[in-house]
Amino acid sequence: MKLRTGVLIALTILCNSVGNVLLGIGMKRVGDVRAWAVESVAALAWRMLTTSTIWIGAGTLLLFLIFYMLLLSWADYSYVQPATAAGYAIVPLLGHAIAEEPLSPVRWGGILLICFGVALVGQTPMRTTAVG
Amino acid sequence: MQTALFLAILVLTGTAGDLCITRAMKWIGSPADLRPVTIANVLARALTQQWMWAGILLHALAFFAFLALLSWTNVSVVVPASALSYVVGAVGAKLFLREHVSAPRWAGVFLIGFGVALVLAG
């Protein structure tokens, strides 16, 4: 059970991180959402539907959701949710490497602190409620 | 102001969606193995749960808020900022799912919250 949980958490983090970065790249290509007129939203929706990066990102996030649901079938939500936060180290790294987004030292410090908190949560029992 | 509003929508709907999905998956129970057929059966059974559909609807709202945010803010800001859902999620898990959130879990959650504040300040 522990190995299965570890593997699924790793897959969850990977799919969530990659999916978020791909969506970020895709939405930058689509353009800024500032106007809420029907024509503007329709044009925006069309640009989103014809941007392949958004489709791949959404598909990757769908995989993330499936893995996440499976984890939640046997582990606590308050365990799974923090355990998947290693993505906070991966997302900025991917955003920096692929989309060339800037990262300050303070932001890196915050991300490390988040990961430390997540590690602390990870020391607690995987499940505290009965299943079914 | 618009960014703060959309971040609040993202955190609240995303976390509420997670809590609904967790309740549905706890009713279904864990799969015996991770073969694709078994996973497909579990997912099909999950889709018969009302809590699952409530969770999917809330996640759809969170997804559109996320897309809107990404169009004017960097992904490395939006994603760490959405970690505020750790605090909301721990409270929801305790009250809605009756999970035992121990002292180390709370400590971890507050460390994450502080980390999020640093990320936003950076």
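A note on names: the letters A, B, ... follow the listed sequences, proteins ahead of strands, and every chain is numbered from 1.
A donor-acceptor pair under 3.5 Å is formed between the side chain of B:K26 and the backbone N or O of A:A75. Judged by distance alone, with hydrogens and angles left aside, the side-chain atoms of A:T128 form a donor-acceptor pair with the main-chain N or O of B:H100 at under 3.5 Å.
Note that OG1 of B:T22 and CG of A:D76 are 9.5 Å apart. Values are rounded to the nearest 0.5 Å. Rounding to the nearest 0.5 Å places CD1 of B:I21 at 12.5 Å from OG of A:S73. Separation of atoms CE (A:M48) and CZ (B:F64) is listed at 6.5 Å; rounding is to 0.5 Å. With rounding to the nearest 0.5 Å, the separation of OG in B:S71 from CZ in A:R47 is 10.0 Å. Here B:L111 contributes atom CG and A:L120 contributes atom CG; the two are 6.5 Å apart, rounded to the nearest 0.5 Å. Here CD of A:Q81 is found 11.0 Å from CZ of B:R105. Values are rounded to the nearest 0.5 Å.
A single hydrophobic cluster is seen to contain both A:L63 and B:L47, as judged by linkage of ILVMFWY side chains at heavy-atom distances under 4.5 Å, directly or through other members. B:I9 and B:V88 end up in different hydrophobic clusters when Ile, Leu, Val, Met, Phe, Trp and Tyr side chains are linked at under 4.5 Å. At a threshold of 4.5 Å between side-chain heavy atoms, the hydrophobic network of Ile, Leu, Val, Met, Phe, Trp and Tyr places B:L34 and A:F64 in one connected group. Following chains of ILVMFWY side-chain contacts shorter than 4.5 Å, one cannot reach B:L58 starting from B:M52, and the two form parts of different hydrophobic clusters. When the side chains of ILVMFWY residues are joined at heavy-atom separations under 4.5 Å, either directly or via intervening members, A:L70 and A:L3 end up in a single hydrophobic cluster.
With sequence neighbours left out, the salt bridge (charged side-chain N to carboxylate O under 4.0 Å, His left out) criterion links B:D18 to no other residue. A search for side chain to side chain contact (heavy atoms under 4.5 Å, CB included) contacts involving B:F110 returns B:W106, not counting sequence neighbours.
For A:Y68, the part sitting under 4.5 Å from any heavy atom of chain B is the side chain, from C-beta outward, and nothing else. Only the side chain of B:A46 comes within less than 4.5 Å of a heavy atom in chain A; its backbone stays farther off. In this structure, no portion of A:Q123 lies under 4.5 Å from any heavy atom of chain B.
With contacts defined as side-chain heavy-atom distances shorter than 4.5 Å, the pair A:Y77/B:T15 qualifies. The side-chain heavy atoms of B:S30 and A:R4, taken from C-beta on, include a pair separated by under 4.5 Å. With a 4.5 Å cut-off on side-chain heavy atoms, A:L61 and B:F63 count as touching. Within the 4.5 Å cutoff, the side chain of A:I66 has heavy atoms near those of the B:I39 side chain.
Taking every heavy atom of both residues into account, B:L97 and A:T129 meet most closely at O-CG2, 4.0 Å. Heavy-atom minimum distance, A:M69 versus B:L43: CE-CD2, 3.4 Å. Heavy atoms only, all atoms of each residue included: A:V121 and B:V109 are closest at CG2-N, 4.2 Å.
The choice from A:L71, A:L23, A:L65, A:L112 that makes the most heavy-atom pairs within less than 4.5 Å of chain B is A:L23.
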